[in-house]
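Heavy atoms only: backbone and side chains are in, while hydrogens, waters and symmetry mates are out. Bear in mind that the values here come from a model prediction, so they are computed numbers and not experimental data.
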Amino acid sequence: MNDDYDYRRGFDAPWPDTEHLLPERVTAQLAALAEENDASGRLADRSIELLRENGYFGAPVPKDFEGGGASVTECCALQRRIGAADPALAIAVNMHLFSVGVVVEHWRRERDESWLLLEAIASQNRIVASAFAEPGLNGSLTRSNTTARRVGDNWITNGVKVPCSLAERSDLLCLQMVDEAGGPESLLVALVVNGSPGVDVERTWNTLGMRASESDTVRFTDCEIPDDMVFHRSEPGSLGDEVFAAGLGWFCATATACYLGVVAGAVDQARTALARSRISHLDAARAELPSFQSALGDIVSSVLPLEAATAGLARQLDEHRTDPRSLVPAMLALKDQAAQTAVRAVEQAAELVGVASYSATGPASRLVRDVQAARFHPPTRFATRQLLGRWALGLPWSFELAERPTEGAS
């Protein structure tokens with residue numbers, strides 16, 4: 001067999017080195033905490049402290065504003081590494097990257113005072129929770145059921161956001177809301193300090209997998225948000241907003257990278273199990289048998305193209321030579337295929353690990369549970385496949401399902 005160096009070099013080849021952003025010793029420490037995090041259903045404070053100590057939360061902020069200046073590609077590489085160490089932590093902090101990415105993309109286009117928000121996030125290592133998901137939206141980023149009413153220099157906000165990863169321990173919440181007065185730019189995106197009057201976090205997250213992502217519920221009840229914390233405005237439901245398209249790129253690429261990390265962790269578990277497990281009557285380890293080698297090869301064959309595709313999309317976003325709106329179909333197709341492939345690959349790896357994957361504890365069984373969340377991150381397969389079909393046919397399309405309900409259905 002080839003040594004680990006050759007194996008890892010092949011998987012890592014599409015990605016930049018991110019040791020300067022997060023040392024390998026730190027990801028090893030994060031991995032050591034993963035089992036405890038899963039068992040308790042909450043993150044150990046040390047998991048967050050390790051990231052804070054290494055400037056992770058300011059990584060995507062430009063260096064001019066005291067951040068790490070990490071590109072989308074570098075952020076993907078980071079998420080892939082953290083995903084292999086602790087998937088629940090990776091997907092939780094990925095929502096921070098998405099929110100900060102939206103602010104970064106807005107600032108790059110507007111060059112306005114949003115840089116002050118970025119500097120505060122980076123210099124103070126603040127965690128930003130993504131409060132975009134809402135009941136009834138079906139994953140749409142460009143609509144909201146959360147209302148905002150202008151009163152003087154403030155916006156009075158009411159609504160429910162769920163699931164919201166790191167809701168309780170975040171410093172800031174990034175949310176979209178709709179101006180009750182209407183108008184062409186009535187969809188507002190703002191930051192609000194967590195714990196402000198009218199912001200309440202309820203511990204509602206209790207799941208089979210990604211247990212420690214702390215994706216709880218946030219309620220806004222007559223919460224006052226200063227107008228200078230509203231950093232972006234656009235038309236509800238519009239496909240023409242470049243900042244939202246670029247932000248969607250951040251999410252699709254980095255979330256996919258998280259799940260590539262989960263697959264990498266599962267492949268490591270399979271490799272270890274195949275090397276250790278012997279079949280008595282053949283007097284051989286399963287790793288020495290062509291049937292098991294081929295089964296592992298099937299997993300690698302399905303995943304390596306996704307590694308290259310995700311890195312390629314991230315680089316396109318970094319180069320800023322392509323309008324991100326034209327990349328939306330590719331973004332969504334990548335995420336859709338990654339969700340399906342990751343689930344299948346981890347389940348195949350679990351078969352190679354054997355009965356340990358069915359135990360109540362242990363990394364193999366945890367990865368099987370964690371990867372299932374890939375099916376539920378919006379936009380889900382229901383909306384994505386319709387969108388892509390309409391796009392391919394040259395028909396009008398949007399992020400939302402366009403269907404007529406069946407009359408009489410209960």
Side-chain angles (χ1 to χ4, degrees), residues 98-99 101-103 105-114 117 128-164 172-194 196-200 217-251 323-325 328 332 378-380 383 386-387 390-391 395-405:
F98 161 61
S99 296
V102 170
V103 185
E105 296 297 339
H106 171 88
W107 175 80
R108 281 180 176 150
R109 287 159 179 81
E110 302 299 330
R111 302 289 168 162
D112 58 12
E113 292 187 351
S114 60
L117 301 175
V128 183
S130 175
F132 278 74
E134 297 180 21
L137 285 188
N138 196 46
S140 175
L141 293 176
T142 58
R143 291 192 186 277
S144 179
N145 295 321
T146 296
T147 60
R149 184 178 76 258
R150 187 68 179 263
V151 178
D153 293 331
N154 297 327
W155 294 90
I156 305 301
T157 306
N158 287 276
V160 178
K161 304 287 188 173
V162 61
C164 181
L172 297 164
L173 299 165
C174 182
L175 71 152
Q176 89 281 43
M177 53 193 181
V178 172
D179 182 359
E180 290 181 340
E185 292 192 333
S186 55
L187 183 68
L188 315 177
V189 186
L191 292 176
V192 60
V193 176
N194 200 358
S196 297
V199 177
D200 293 297
T217 299
V218 181
R219 294 186 183 275
F220 294 92
T221 307
D222 292 333
C223 173
E224 292 189 13
I225 300 179
D227 188 58
D228 58 8
M229 295 294 278
V230 176
F231 65 87
H232 189 71
R233 292 170 167 82
S234 67
E235 180 184 355
S238 171
L239 297 174
D241 191 278
E242 190 174 344
V243 170
F244 270 112
L248 180 66
W250 275 81
F251 175 74
D323 188 326
R325 290 169 292 193
V328 166
L332 296 178
T380 62
Q386 185 187 84
L387 179 160
R390 288 173 178 262
W391 169 74
L395 299 173
W397 57 272
S398 72
F399 293 111
E400 294 129 2
L401 284 172
E403 299 189 9
R404 179 175 298 173

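- Side-chain contact between Leu332 and Pro379 is present, with at least one heavy-atom pair separated by less than 4.5 Å.
- Of the possible polar contacts, none joining the Arg149 side chain to the Ile156 backbone as a donor-acceptor pair under 3.5 Å is found.
- Every pair passing salt bridge (charged side-chain N to carboxylate O under 4.0 Å, His left out) that includes a residue from residues 136-147 is listed here, sequence neighbours excluded: Arg143-Glu400.
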Decide yes or no on side chain to side chain contact (heavy atoms under 4.5 Å, CB included) for Thr221 and Asn158, but give the supporting numbers first.
CA-CA 5 Å; Thr221 307; Asn158 287 276; 4.2 Å; yes

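- Using a distance-only test at 3.5 Å, with no hydrogens or angles considered, no donor-acceptor pair links the side chain of His232 to the main chain of Val243.
- Interatomic distance, OG1 of Thr157 versus CD of Glu180, reported as 9.5 Å (0.5 Å rounding).
- Taking every heavy atom of both residues into account, Ser144 and Val178 meet most closely at O-CG2, 3.5 Å.
- In terms of heavy-atom proximity, Cys164 sits nearest to Ser130 at SG-O, 3.7 Å.
- The side chain to side chain donor-acceptor pair (under 3.5 Å) search around Asp179 returns none, not counting sequence neighbours.
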Go through the steps for Met177 and Ile225 under the test side chain to side chain contact (heavy atoms under 4.5 Å, CB included), then give the verdict.
CA-CA 11 Å; Met177 53 193 181; Ile225 300 179; 4.0 Å; yes

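- In terms of heavy atoms, Val192 sits closest to Met229 at N-CE, 4.3 Å.
- The side chain to side chain donor-acceptor pair (under 3.5 Å) test applied to Arg150 returns no partner, not counting sequence neighbours.
- Across all their heavy atoms, Ser398 and Leu387 have their closest contact at O-CD1, 3.3 Å.
- Put simply, CZ on Phe251 and CZ on Phe98 are 7.5 Å apart, with the number rounded to the nearest 0.5 Å.
- The closest side-chain heavy-atom distance from Trp250 to Pro324 is not below 4.5 Å.
- Remark: Phe220 engages no residue in a ring-ring contact (aromatic ring centres under 6.0 Å, His included) (not counting sequence neighbours).
- Glu242 meets the side chain to side chain donor-acceptor pair (under 3.5 Å) test with Arg109; sequence neighbours excluded.
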May I have the step-by-step check of side chain to side chain contact (heavy atoms under 4.5 Å, CB included) for Phe132 and Leu137, ending in yes or no?
CA-CA 10 Å; Phe132 278 74; Leu137 285 188; over 6 Å; no

Quick one: do Glu113 and Asp228 satisfy side chain to side chain contact (heavy atoms under 4.5 Å, CB included)? Show the steps, please.
CA-CA 9 Å; Glu113 292 187 351; Asp228 58 8; over 6 Å; no

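- Between the CG atom in Asn145 and the CD atom in Gln176 there is a gap of 9.0 Å [rounded to 0.5 Å].
- Taking CG from Leu175 and CG from Leu188, the interatomic distance works out to 9.0 Å, rounded to the nearest 0.5 Å.
- Under a 3.5 Å cut-off, the side chain of Glu105 and the backbone N or O of Ala246 do not form any donor-acceptor pair.
- Expressed to the nearest 0.5 Å, how far OG of Ser114 lies from CZ of Arg108 amounts to 11.5 Å.
- Taking Glu224 as the reference, Asn154 meet the side chain to side chain donor-acceptor pair (under 3.5 Å) condition, with sequence neighbours excluded.
- Looking at every heavy atom in both residues, Gly198 comes nearest to Cys223 through O-CB, 3.8 Å.
- Residue Val102 comes nearest to Gly247 through the heavy atom pair CG2-CA, 4.0 Å, listed as atom of the first residue, atom of the second, then distance.
- At a threshold of 4.5 Å between non-hydrogen side-chain atoms, the residues Leu172 and Val193 count as touching.
- The side-chain heavy atoms of Leu187 and Ser234, taken from C-beta on, include a pair separated by under 4.5 Å.
- For the pairing with Arg233, the salt bridge (Lys or Arg N to Asp or Glu O under 4.0 Å) check across Asp112, Asp227, Asp241 returns one residue only, Asp227.
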